[in-house]
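What follows is a single structure, written as structure tokens, with notes after it.
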There are 2 protein chains.
Amino acid sequence: MTASPPTPQPGVAFLLAQLGAHAAGLFAERIAALDLTPPQAGLLRMLAAAPGRSQRELAGDLGMPPSRFVPFADELEKRGLIERRRNASDRRVYALHLTEKGEALLAELAQAGMAHEHLLCEALTAEEHDRLLGLLRRIADQQGLRPDVHPGYRTLRPRPKP
Amino acid sequence: MTASPPTPQPGVAFLLAQLGAHAAGLFAERIAALDLTPPQAGLLRMLAAAPGRSQRELAGDLGMPPSRFVPFADELEKRGLIERRRNASDRRVYALHLTEKGEALLAELAQAGMAHEHLLCEALTAEEHDRLLGLLRRIADQQGLRPDVHPGYRTLRPRPKP
DNA sequence: TGATAATGATTACAGATCAGAACGATTGTC
DNA sequence: GACAATCGTTCTGATCTGTAATCATTATCA
């Protein structure tokens, strides 16, 4: 009889999920040195890309309920990385901005991102890296994923120290 | 002056994390129709690939503490998908196996996986798909990722219903 | 104008989830 | 034959989570 393997071969979808979680984990470890979690880094990036948005909008993009966004932003504000500015025309909303200190940290974050990218793609030549980048972008586009936001930002917890 | 974008361009690492979370989310939605969560599906696959292992080993591969594995396996056993068999030579350990019902469900799971793969890679031609598969496998190998296990299995929670 | 509904930020709260310690049963060591 | 180690399990305190209520402000519209 022939032994048919029930797990034939991991496909693209499985490898994406596996590698994605792996990459996210490594990145989380790395930026822990900057005292940042992935969702925090995500917010900083979002504020750099589009400053002055309301908390509700940002919470929506991050995929978390507004109630949980409050203490989340509180800590970043307490550390002087972001700023809540009252809107004169509509005094209900806060417009969130990056402080200078926040921008400085974002620069460090960019460096960390480069090092992370380099280490993760160690197995690939430069042109393979570019080819992979193109293929992934095509999928991301077609799947309707917006740049700068990803679903992994929903949770705060990922902070394991093995 | 030149406006330098603080988020230059998402790299491979970011796209992997983003697409990985996206793919995992879609898959979770899909197998919810079979009343399965990703970690449950993962265990079924692991048992098919290597039957008879102990709970501690499996918990380790899944990335969860043994204490949490117990109720996790309990439900699958209650549903008649897996079986705990006592080891005669060492009566401390349980050897976990798939039941027939479990194998049947695994077949449905494989079908779901195929459909998932197809929908996710809709943007790619067949040869692009293969090229991508090759590149991802190279990275996974070099990063020391074992087939059939991924870090996203650590948590049970992901069951949001938007 | 003025009452009512809608919106943003926040707080309150009740329930789920988590990891590690503690526990009995069994086995290896010497 | 005592003692340490291992496996499965239960217990427990702390953390995290989403929903609903609250307060201030703004829009709607008769």
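The figures here come from the full heavy-atom set of this structure, side chains too, leaving out hydrogens, waters and symmetry mates. First the proteins, then the strands, lettered A, B, ... as listed; each starts at 1.
When distances run from any side-chain atom of B/Arg68 to the nucleotides D/dG8, C/dT10, C/dC18, the shortest one goes to C/dC18.
Rounding to whole angstrom units, CD of residue B/Gln55 and C1' of D/dT6 are separated by 13 Å. The CG atom of A/Leu62 sits 12 Å away from the P atom of D/dT17 (whole-angstrom rounding). The CZ-C1' distance, from B/Arg154 to C/dG20, rounds to 15 Å in whole Å. For the pair A/Asp74 CG and C/dA9 C1', the interatomic distance rounds to 10 Å; values are reported in whole Å. If you measure from atom CZ of B/Phe72 to atom C1' of C/dA19, you get 17 Å, rounded to the nearest angstrom. If you measure from atom CE of A/Met64 to atom P of C/dA9, you get 14 Å, rounded to the nearest angstrom. Protein atom CZ of B/Arg56 is 6 Å distant from nucleotide atom P of D/dC7, rounded to whole Å. One atom, CD of A/Glu57, and another, C1' of C/dT7, lie 13 Å apart when rounded to the nearest Å.
Counting only residues at least two apart or on different chains, the ring-ring contact (aromatic ring centres under 6.0 Å, His included) pairs with a member in residues 126-152 of chain B are A/Phe14-B/His150, B/His150-B/Tyr153.
Under 3.5 Å, the side chain of A/Ser67 and the base of D/dT17 form no donor-acceptor pair of N or O atoms.
Listed by chain and residue number, A/Tyr94 satisfy the side-chain contact (heavy atoms from CB on, under 4.5 Å) test with A/Arg86 (two or more places apart in sequence, or in another chain). Taking the side-chain contact (heavy atoms from CB on, under 4.5 Å) definition, one finds that A/Pro66 meets it with A/Arg56, sequence neighbours left out. By the salt bridge (charged side-chain N to carboxylate O under 4.0 Å, His left out) test, B/Arg92 is found to be paired with B/Asp90, residues two or more places apart in sequence or in another chain being considered. In this view, A/Glu103 and A/Leu98 satisfy the side-chain contact (heavy atoms from CB on, under 4.5 Å) rule, not counting sequence neighbours.
Near DNA chain D, defined here as any heavy-atom distance below 4.0 Å, the residues from residues 86-96 of chain B are B/Arg92, B/Val93, B/Tyr94, listed numerically.
The pair B/Asp35-B/Arg79 fails the salt-bridge criterion, with no side-chain N (NZ, NE, NH1 or NH2) lying under 4.0 Å from an Asp/Glu carboxylate O.
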